[in-house]
There are 2 protein chains.
Amino acid sequence: MTVYKKEYRELQQIKLAVDCIIFGFNDNKLELLLIHRGFEPQMGKWSLIGGFVGENEDLDKAANRVLYKLSGLEDIYMEQVKAFGKADRDSSGQVVSITYSAMILKSEYNEEQVSKYNAKWFPIDELPELVFDHKDMVESAIRRLRRRVRNFPIAFNLLPAKFTLPQLQMLYEGILNEPIDKRNFRRKVLQMKYLIRLEEKDMSESRKGAYFYRFDKALYKLEQNFNL
Amino acid sequence: MTVYKKEYRELQQIKLAVDCIIFGFNDNKLELLLIHRGFEPQMGKWSLIGGFVGENEDLDKAANRVLYKLSGLEDIYMEQVKAFGKADRDSSGQVVSITYSAMILKSEYNEEQVSKYNAKWFPIDELPELVFDHKDMVESAIRRLRRRVRNFPIAFNLLPAKFTLPQLQMLYEGILNEPIDKRNFRRKVLQMKYLIRLEEKDMSESRKGAYFYRFDKALYKLEQNFNL
DNA sequence: ACAAAAGTGTTTATCATACACCCATGC
DNA sequence: GCATGGGTGTATGATAAACACTTTTGT
């Protein structure tokens with residue numbers, strides 16, 4: 001924390017921010033929510049959803065507050081990714097930013113807020129030019145996401161409560177950006193007992209129809225081993 | 001980064017620090033370098049090696065500067081672990097701290113500096129009471145270390161350039177805190193072609209003597225797959 | 001009857017694990 | 001010759017990867 005008492009007194013000019021990397025899923029592709037920056041510096045470029053940490057505000061709370069302000073979403077699975085702290089990363093001064101990553105179900109997202117804040121979804125392989133080092137932030141978040149989605153049941157945050165296995169597989173293929181063998185995928189998914197098949201079928205995607213499943217959080221909590 | 005221009009102007013009272021979690025290895029156990037805190041608050045407890053980030057100083061550079069100041073070591077493998085940002089984590093005010101973790105070879109460590117800074121090595125299962133949330137910091141760094149030591153050749157930072165396989169195995173057993181089968185360990189280690197056996201033997205630990213090996217960084221860079 | 005997506009098993013290779021004895025040397 | 005730590009191989013089970021056909025139903 002600190003070594004010399006005198007350092008404790010020095011006032012830093014460093015500002016502390018959080019940036020939220022919000023993933024959604026659409027058209028079999030991962031998407032990212034960005035905001036059109038309406039002020040200098042770098043006016044006109046696109047930016048992650050971010051803001052400064054408040055006085056006496058927990059870092060995690062700050063990230064959630066910012067996310068809530070700009071999306072209306074609460075209780076979203078959100079994790080710290082990394083601190084970005086190059087002294088010259090923000091041309092307006094020394095700003096250290098901690099990134100947080102969230103995955104949200106787009107259909108629960110309040111579309112009013114999107115336009116209100118000049119926000120827009122972009123497929124992750126068609127991102128516009130981003131301010132400062134936000135491109136690095138996104139890349140590190142995607143790498144982390146691809147690692148974590150194999151070991152934790154976080155992908156279900158991008159799906160409705162009831163979903164089909166083809167949907168789930170397409171989601172994984174979209175996140176990992178690689179094709180997956182259908183039979184192997186289904187076997188692995190169903191071997192873990194966390195997916196409960198419902199009676200109902202989704203008839204909208206095929207004539208045969210695909211069974212709906214739900215993810216049972218309680219069962220997962222018992223074992224907590226997840227691997228895809 | 002930022003959403004409202006006005007926020008840009010507000011002066012935060014938040015201070016930004018780095019804390020270094022420095023691991024060494026001794027007597028088949030992981031050790032941690034701590035500093036005796038000689039000032040309030042929490043005078044008398046032990047603390048990680050930390051300090052505030054300087055004006056116009058990169059975060060990584062700040063960590064390295066702090067580490068250098070307190071240990072004399074340069075060019076140490078050091079990685080960002082996590083940001084700690086509970087508003088009340090430091091009783092002297094709002095201080096957000098980014099932790100960095102380094103592993104050093106104790107025999108290269110300047111012993112003069114240790115006493116000069118009231119620093120001391122502690123086995124990780126016999127840590128004294130630490131200030132603030134430093135215990136959480138250490139725990140998260142150890143978890144990360146145990147994860148990474150299996151997938152990256154970072155353990156060699158804790159050994160001299162020439163080392164024996166029994167030494168390496170004891171190091172892994174110490175870090176992971178579990179026994180490892182000798183034959184399986186050696187097979188896996190030698191299957192990756194990064195370890196070069198030297199002619200020389202270490203005769204100090206046994207009558208038969210154990211071959212010295214060295215880790216070939218260049219070979220590792222070619223493939224970069226590592227798994228133990 | 002055919003198109004379109006859903007669903008289903010087996011084989012093979014690879015990797016992880018468990019396990020016990022001989023070797024080289026100094027005393 | 002014996003005590004001490006160093007070094008070696010094999011068999012078994014588990015996991016991952018490749019692969020093709022049948023089912024259902026709306027038109």
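Keep in mind it's a predicted model, so treat the numbers as computed, not measured. Throughout, protein chains are lettered first and strands after them, A, B, ... in sequence-line order, and every chain is numbered starting at 1.
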Legend entry - Residues which pass side-chain contact (heavy atoms from CB on, under 4.5 Å) with D58(A), listed by chain and number, not counting sequence neighbours: K61(A), K86(B), A87(B)

Legend entry - Listed partners of K29(A) passing salt bridge (Lys or Arg N to Asp or Glu O under 4.0 Å), at least two apart: D125(A)

Legend entry - Pair listing, salt bridge (charged side-chain N to carboxylate O under 4.0 Å, His left out) test, anchored in residues 138-161 of chain A, at least two apart: E79(A)-R144(A), E79(A)-R148(A), K135(A)-E139(A), R150(A)-E178(A)

Inset, instruction - Quick one: list whatever passes ring-ring contact (aromatic ring centres under 6.0 Å, His included) with Y213(A), sequence neighbours left out. - result: none

Inset, instruction - Quick one: list whatever passes salt bridge (Lys or Arg N to Asp or Glu O under 4.0 Å) with E173(A), sequence neighbours left out. - result: none

Inset, instruction - Encode nucleotides 4-15 of chain D as B, S and - characters from 5' to 3', where the letter depends on protein heavy atoms closer than 4.0 Å: B to the base, S only to sugar-phosphate, - to neither. - result: -BBBBBB-----

Inset, instruction - Enumerate the residues from residues 169-178 of chain A whose closest heavy atom to DNA chain C is under 4.0 Å, giving them by residue number; use none for an empty result. - result: none

Donor-acceptor pairs under 3.5 angstrom involving side-chain atoms of residues 219-228 of chain B: please list them, not counting sequence neighbours.
from, atom 1, to, atom 2, distance (Å)
N225(B), OD1, Y194(B), OH, 3.0
N227(B), ND2, N151(B), OD1, 3.4

Inset, instruction - Name all pairs fulfilling the salt bridge (charged side-chain N to carboxylate O under 4.0 Å, His left out) condition that reach into residues 181-205 of chain B, sequence neighbours left out, sorted by first residue then second. - result: K162(B)-E200(B)

Inset, instruction - Could you list where the contact with chain A starts and ends along DNA chain C, reading 5' to 3', using a 4.0 Å heavy-atom cut-off? - result: dA3(C) to dT10(C)

Legend entry - Residue list, side-chain contact (heavy atoms from CB on, under 4.5 Å) with P128(A), at least two apart or on another chain: L34(A), W46(A), F122(A), L130(A)

Inset, instruction - Could you list the residues that satisfy ring-ring contact (aromatic ring centres under 6.0 Å, His included) with Y172(A), not counting sequence neighbours? - result: F185(A)

Inset, instruction - Return yes if some donor-acceptor pair links the side-chain N/O of Q80(B) with the main-chain N/O of I98(B) below 3.5 Å, else return no. - result: no

